[in-house]
Engineer: 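One structure follows; several queries about it will come next.
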Amino acid sequence: MKKKKIVVLGFVGTKLDSGKGQARWSKWRPSVGLTQHEDVVIDRFELMYNGNVETLVKQVTADITSVSPETQVIPHALQMRDAWDFEAVYATLFDFAKRYPFDPEHEEYWVHITTGTHVVQICLFLMTEARFFPGRLVQTSPPRSADTTAGTYALIDLDLSRYDQIAQRFSREQAEGVAFLKSGIATRNAHFNAMIDEIERVAIKSKAPMLLMGPTGAGKSFLARRVYELKKTRHQISGKFVELNCATLHGDGAASTLFGHIKGSFTGAAADRPGLLRSAHKGLLFLDEIGELGLDEQAMLLKAVEEKRFLPVGSDNEMQSDFQLIAGTNRDLGEEMAAGRFREDLYARINLWTYALPGLKDRAEDIEPNLSYLLAQVGEENGEMVRFNREARERYMQFAMSPEAVWNGNFRDLGASVTRMATLAEAGRITEKLVDAEVVRLQRLWAAGTRERTAPAAVDIGEVMGPEAAAQLDLFDAMQLVGVIDVCRQSKSLSDAGRKLFGVSRGAKSKPNDADRLKKYLARFDLNWEQVS
């Protein structure tokens, strides 16, 4: 392959490149020195200048020709209003780049950033980074000895993957940020890891609102706090982390809690209250279960997010608060918006960066690393190291990864489970007996939760099996069947529903067949899975 020509684009240095008489050859001149290196041949030098420096340009051109006859010097007079004005310099260089006949297939471009005003150097960097100048930066330095006036040069490739030292440092800092968001837990779920990678980049670069979606206990609050701590270590925010679960807000107190109030604005307002938005000034506000906010509070919040201004309850004077918002929800806000319970404009504002945190069932491979992390955390809090013996750990993991473990409360369930076992462990050792007892406890908790979620009024068995057949049922059978049908409708399959319905008794069977048990139960009423699901 034919070697590409090397073309330098740079400004004449009105001070660094100057010199009179024979004495000029005893000093380092960056533009001339770049063409004096024996290891490189500059085929063409596009020498840009501004102002009345034609005499200097002619001298530099002649000197380059004398030391490097192979180099063609082409002067370019650029008309800049002010070489220290960013807008003027960038506009002039942009016009030059648009006109210049770049030929990257046959020519390699070096953009010289040692000469010119500081503004010129910065703009050359930006133009090269944006690929308006399709080349690499070249930086020259004075000679390290008196034997030569050529000096030294270094090529800077803005492709970080090729500029090893910068790339390694950048990758290391990004990896540290990702690990920080995950609290150092070596998670194995590919989707979760990719999501955290993106959240790390967004957290560092953006001040826009972020929406975290996911079931209760998936870690929304934990992640929001870690984002806050990451941004604070990077000096991007200086205020507090303020957290509120909007499900705890009721009636007139909702607006007061968020936006504050003035004394006497309503009965019981004995003193001024700043409100949580004001408390989050220069910090981060995490509003969990934002779907629980009333429509009036949603409208006030939208203005506060967009304009950084809001009216406290009872006040005519606006307050200001420059906060970043992270919202959390376990609801589908799109459905809430369609039902008229969530404002479309607020949803559009907070929906720029939306992330769905998977539940523990969808991150089964992450149970083990989280188990180790939680054990270490409990041990640190209690001042005692706690460990599983090998058989106990295997037994617990076998259950935790099985279909029997529904993990309704997600990571909260896992954290509570570890805390219980660690507390009951003798001499810091979790045994098989403790694991077996904990498994039974979890099954009972989840079974109770399933019973609480089955609402008899939610199912009309007359519609399912026909009014005549429903009328022939005893009240006992009717109420039981309603509960079973409701669980079926919340389940993905016959087997999934069976596991939920027989979660406790199946533990006593060596080969439980939940799907068959449920199928036979439905058959008693001449029903099948397709009819009830």
Side-chain angles (χ1 to χ4, degrees), residues 4-86 88-93 95-97 99-100 107-128 133 135-157:
K4 291 183 180 181
K5 294 181 178 180
I6 296 177
V7 179
V8 173
L9 297 96
F11 272 75
V12 69
T14 55
K15 292 184 178 180
L16 290 176
D17 284 332
S18 63
K20 294 183 179 180
Q22 196 64 26
R24 72 183 186 276
W25 293 105
S26 62
K27 63 171 287 193
W28 172 65
R29 291 179 292 164
S31 297
V32 177
L34 186 55
T35 63
Q36 290 181 283
H37 294 279
E38 295 181 359
D39 62 335
V40 63
V41 174
I42 307 298
D43 295 280
R44 193 166 71 251
F45 202 127
E46 305 288 358
L47 191 62
M48 296 175 276
Y49 66 95
N50 179 61
N52 299 318
V53 292
E54 287 84 357
T55 301
L56 174 61
V57 170
K58 289 179 180 178
Q59 182 183 75
V60 170
T61 300
D63 289 346
I64 290 176
T65 301
S66 68
V67 299
S68 180
E70 304 92 341
T71 304
Q72 177 188 12
V73 181
I74 302 179
H76 297 273
L78 304 183
Q79 302 303 318
M80 293 182 188
R81 182 177 69 254
D82 182 357
W84 290 93
D85 180 87
F86 269 103
V89 173
Y90 193 90
T92 302
L93 287 176
D95 290 341
F96 175 83
R99 293 193 308 267
Y100 190 86
E107 296 181 338
E108 180 180 338
Y109 300 99
W110 294 3
V111 182
H112 192 203
I113 57 170
T114 303
T115 52
T117 65
H118 293 322
V119 173
V120 165
Q121 294 170 16
I122 292 171
C123 288
L124 285 173
F125 174 92
L126 294 174
M127 295 287 286
T128 306
F133 289 152
R136 293 186 286 177
L137 301 176
V138 59
Q139 187 173 25
T140 52
S141 305
R144 297 187 177 92
S145 67
D147 296 337
T148 177
T149 59
T152 61
Y153 73 93
L155 291 171
I156 305 171
D157 196 329

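Heavy-atom basis, side chains included; hydrogens, waters and symmetry copies ignored. Keep in mind that this is a model prediction, so the values were computed, not measured.
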Engineer: What is the minimum heavy-atom distance between Trp28 and Ala150, and which atoms define it?
Structural biologist: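 Between these two residues, the closest heavy atoms are NE1-O, 3.6 Å.
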Engineer: Which atom pair, heavy atoms only, marks the closest approach of Ala97 to Phe133?
Structural biologist: CB-CE2, 3.4 Å
Engineer: Does the side chain of Glu108 reach to within under 4.5 Å of the side chain of Arg136, using non-hydrogen atoms?
Structural biologist: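 Yes, side chains in contact.
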Engineer: Would Tyr49 and Glu54 count as a side-chain contact (heavy atoms from CB on, under 4.5 Å) if you check the C-alpha gap in whole Å, the side-chain angles of each, and the deciding distance to 0.1 Å?
Structural biologist: CA-CA 8 Å; Tyr49 66 95; Glu54 287 84 357; 3.9 Å; yes
Engineer: How long is the span from the NZ atom in Lys5 to the CD atom in Gln72, to the nearest 0.5 Å?
Structural biologist: 8.5 Å
Engineer: Any chance you could lay out the side-chain contact (heavy atoms from CB on, under 4.5 Å) test for Tyr153 and Thr114, step after step, and finish with the verdict?
Structural biologist: CA-CA 10 Å; Tyr153 73 93; Thr114 303; over 6 Å; no
Engineer: Verify the neighbour count for atom NZ of Lys58: are there more than 12 heavy atoms of other residues, nucleotides or ligands below 6.0 Å?
Structural biologist: no
Engineer: Locate the shortest heavy-atom distance separating Gly19 from Gln59; write the atom from each residue and the value.
Structural biologist: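 Looking at all heavy atoms of both residues, the shortest contact is O-OE1, 2.9 Å.
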Engineer: Rounded to the nearest 0.5 Å, how far apart are SG of Cys123 and CG of Leu93?
Structural biologist: 6.0 Å
Engineer: Who pairs with Thr117 by side chain to side chain donor-acceptor pair (under 3.5 Å), at least two apart in sequence or on another chain?
Structural biologist: none
Engineer: Would you give the length of the straight line joining atom NE2 of His118 to atom CD1 of Ile113, rounded to the nearest 0.5 angstrom?
Structural biologist: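 CD1 of Ile113 is found 12.0 Å from NE2 of His118.
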Engineer: Quick one, Ser26 and Thr149 - any side-chain contact, counting heavy atoms below 4.5 Å?
Structural biologist: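 Counting from C-beta outward, Ser26 and Thr149 never come under 4.5 Å.
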Engineer: So, for Ala83 and Asn50, which heavy atoms are closest and what is the spacing to 0.1 Å?
Structural biologist: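 For Ala83 and Asn50, the tightest heavy-atom pair comes out as CB-ND2, 4.3 Å.
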Engineer: Side-chain contact test, heavy atoms from C-beta onward, threshold under 4.5 Å: evaluate it for Asp63 versus Arg24 and give yes or no.
Structural biologist: yes
Engineer: Kindly compute the distance separating CD1 (Ile156) from OG1 (Thr128), expressed to the nearest 0.5 Å.
Structural biologist: 10.0 Å
Engineer: Which heavy-atom pair separates Phe11 from Asp17 by the least distance, and what is that distance?
Structural biologist: O-OD2, 4.2 Å
Engineer: Looking at every heavy atom in both Thr61 and Val57, which two are closest together, and how far apart are they?
Structural biologist: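 Closest pair (atom of Thr61, atom of Val57, distance): OG1-O, 2.7 Å.
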Engineer: Using residues 40-48 as the side-chain source, report each donor-acceptor pair under 3.5 Å to any protein atom, sequence neighbours left out, with the distance given to one decimal.
Structural biologist:
from  : atom 1 : to     : atom 2 : distance (Å)
Asp43 : OD2    : Ile6   : N      : 2.8
Arg44 : NE     : Glu46  : OE2    : 2.7
Arg44 : NH1    : Glu107 : OE2    : 2.9
Arg44 : NH2    : Tyr100 : OH     : 2.9
Arg44 : NH2    : Glu107 : OE1    : 3.0
Arg44 : NH2    : Glu107 : OE2    : 3.2
Glu46 : OE1    : His76  : NE2    : 2.5
Glu46 : OE2    : Tyr100 : OH     : 2.6

Engineer: Look at atom CD of Glu70 and say whether more than 12 heavy atoms of other residues, nucleotides or ligands are closer to it than 6.0 Å.
Structural biologist: yes
Engineer: Hey, what do you get for OH (Tyr90) to CG (Asp95), rounding to the nearest 0.5 Å?
Structural biologist: 11.0 Å
Engineer: Spell out, as yes or no, whether a donor-acceptor pair under 3.5 Å connects the side chain of Thr92 to the backbone of Ala88.
Structural biologist: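 Looks like yes, one N/O pair under 3.5 Å.
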Engineer: Rounded to the nearest 0.5 Å, how far does CD of Gln36 lie from CZ of Arg29?
Structural biologist: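 Arg29 CZ to Gln36 CD: 7.5 Å, rounded to 0.5 Å.
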Engineer: Step by step, work out the side-chain contact (heavy atoms from CB on, under 4.5 Å) result for Lys27 and Ser18.
Structural biologist: CA-CA 9 Å; Lys27 63 171 287 193; Ser18 63; 4.2 Å; yes
